[in-house]
Chemist: 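Here you go, one structure.
Labels below follow one simple rule: chain letters A, B, ... track the order of the sequence lines, proteins then strands, and each chain is numbered from 1.
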There are 2 protein chains.
Amino acid sequence: MCSALYQHINKFIDLNKDEQEVLASFLQSFSVKKKAFLLEQGQKCSANYFVVKGCLRLYFIDIKGAEQTTQFAIENWWITDLTSFLFKEQSEFFIQAAEPTEVIAIESHHYDEMFLKLPKLERYFRLILQKNHQASQRRIKFLYSQTAEERYCNFNHLFPEFVQRVPQYMLASYLGFTPEFLSKIRAKR
Amino acid sequence: MCSALYQHINKFIDLNKDEQEVLASFLQSFSVKKKAFLLEQGQKCSANYFVVKGCLRLYFIDIKGAEQTTQFAIENWWITDLTSFLFKEQSEFFIQAAEPTEVIAIESHHYDEMFLKLPKLERYFRLILQKNHQASQRRIKFLYSQTAEERYCNFNHLFPEFVQRVPQYMLASYLGFTPEFLSKIRAKR
DNA sequence: CGGTCTCTTGACGGAGTTCAAAGCTAGTGG
DNA sequence: CCACTAGCTTTGAACTCCGTCAAGAGACCG
């Protein structure tokens with residue numbers, strides 16, 4: 001049921017059968033329909049989500065009413081509003097399925113206990129967070145050094161298959177510009 | 001010698017005297033003169049740096065030759081080019097002291113060994129990386145929802161004392177615009 | 001096939017950049 | 001402690017990339 005996660009964990013640390021069973025008691029596995037929400041603005045983000053199959057996105061509504069996508073999570077990535085998840089604050093974000101998605105969730109009230117019972121997982125999540133931090137550093141560098149058009153071409157070149165998976169308006173806001181402008185970039189080729 | 005770091009660690013986990021001594025064998029503590037470099041473009045980022053006192057910045061030179069500051073680290077923050085640090089790749093970044101700075105460094109060839117000998121630190125670094133991830137999520141949200149002027153006012157409001165500590169051209173690039181434009185924003189008040 | 005999303009296109013406007021020159025400031029050495 | 005210099009900040013004019021708005025064309029789903 002949660003084997004996709006166990007496989008992912010075992011790329012980073014060794015977790016035996018017994019430990020997997022302990023971990024299972026903290027997990028929930030379920031499906032999310034396309035466009036359904038795992039989090040809405042004003043709610044507390046109750047879980048950290050691991051994508052088994054499909055795609056989730058994290059976004060907020062800006063002051064002008066436009067959706068701004070700040071993060072995508074595809075297979076084998078974790079996604080949550082960390083501040084809301086850790087401190088039980090009201091979130092300013094939405095987490096929505098961009099495709100039909102299978103997820104594994106760790107509820108926040110299990111999170112600390114999980115680390116107490118399975119300290120090995122400290123290392124797994126440290127390594128995951130390191131990957132996130134690398135991705136953030138790379139993203140900021142792209143945002144600060146390239147024009148909108150360059151960012152699109154670059155992203156398209158790096159992740160051609162992913163560009164096909166999401167609507168252009170989500171991609172546009174993720175890359176930091178408007179859907180109209182993305183359309184004009186594409187028209188040039 | 002490294003007591004500032006021990007104090008910081010003990011905010012998150014308990015590290016006894018013996019463990020502190022083990023840790024000390026992986027650390028180096030030293031001073032960096034203002035404007036001196038801990039990392040230059042093309043080098044491998046050999047260490048992860050903890051700022052005891054002062055201020056470091058991470059920046060790169062963009063295609064037009066302008067410095068783009070992507071991160072600051074003041075007291076009790078860690079800073080490194082993670083990709084270069086972890087994978088011994090040539091860095092595209094510089095790490096420079098924005099003030100006379102005292103740092104504690106963990107060399108990359110000690111990093112894995114440190115976690116083997118002191119697995120408790122997995123938790124400490126997980127928690128640090130969680131803070132970083134929160135900061136990144138907040139930063140992306142600001143970048144995507146506010147104009148240059150709003151970002152400056154907001155930052156100025158949140159960190160008034162820090163704004164005094166660094167030259168405006170560093171702050172401008174950190175906030176994602178040019179020094180000239182920052183000057184014009186300030187002229188309005 | 002009907003309605004709702006999504007994408008395209010064009011005209012216009014504005015936030016922020018570029019470039020260059022001049023004015024400041026702070027650090028350095030004599 | 002003053003003078004000099006290099007680096008930082010300011011200012012203004014011209015420009016450009018990208019946003020906004022609105023209307024229409026496609027595409028997808030029930």
Chemist: Does any donor-acceptor pair link the side chain of A/K35 with the base of C/dT6 at a separation under 3.5 Å?
Modeler: no

Chemist: Determine: side-chain N/O of B/T147 to OP1/OP2 of C/dA15, distance under 4.0 Å, yes or no.
Modeler: no

Chemist: Parallel, tilted or perpendicular for A/F115 and A/F125, by the 30°/60° rule?
Modeler: perpendicular

Chemist: Using the side-chain contact (heavy atoms from CB on, under 4.5 Å) definition, which of the options A/L58, A/D81, A/I61, A/T69 pairs with A/F94?
Modeler: A/I61

Chemist: Between D/dT20, D/dC18, C/dG27, which nucleotide gets closest to the side-chain atoms of A/K64?
Modeler: D/dT20

Chemist: Does the ring of A/W77 carry A/K131 above it, NZ/CZ under 6.0 angstrom from centre and within 45° of its axis?
Modeler: yes

Chemist: Starting the side chain at C-beta, find the nucleotide from D/dC29, C/dT17, D/dG19 nearest to A/F181.
Modeler: D/dG19

Chemist: Nearest heavy-atom pair of A/T101 and A/C55: which atoms, and what distance?
Modeler: OG1-N, 3.1 Å

Chemist: Does A/S183 reach a base, just sugar-phosphate, or nothing at all? Heavy atoms under 4.0 Å.
Modeler: base

Chemist: Think B/R139 forms a cation-pi with B/Y174, using NZ or CZ under 6.0 Å from the six-ring centre and within 45 degrees of its axis?
Modeler: yes

Chemist: Check whether any side-chain nitrogen or oxygen of B/R186 sits under 4.0 Å from OP1 or OP2 of D/dT9, and answer yes or no.
Modeler: no

Chemist: Could you state the atom-to-atom distance from CD of A/E180 to C1' of D/dC21 in whole Å?
Modeler: 8 Å

Chemist: Centroid separation under 6.0 Å, is that true for the rings of A/F85 and A/Y111?
Modeler: yes

Chemist: Output the residues of residues 149-172 of chain B in contact with DNA chain D, where contact means a heavy atom of the residue under 4.0 Å from an atom of the strand; sort by number or write none.
Modeler: B/P167, B/Q168, B/Y169

Chemist: Out of C/dT18, C/dA11, C/dG16, which has the shortest distance to the side chain of A/K184?
Modeler: C/dA11

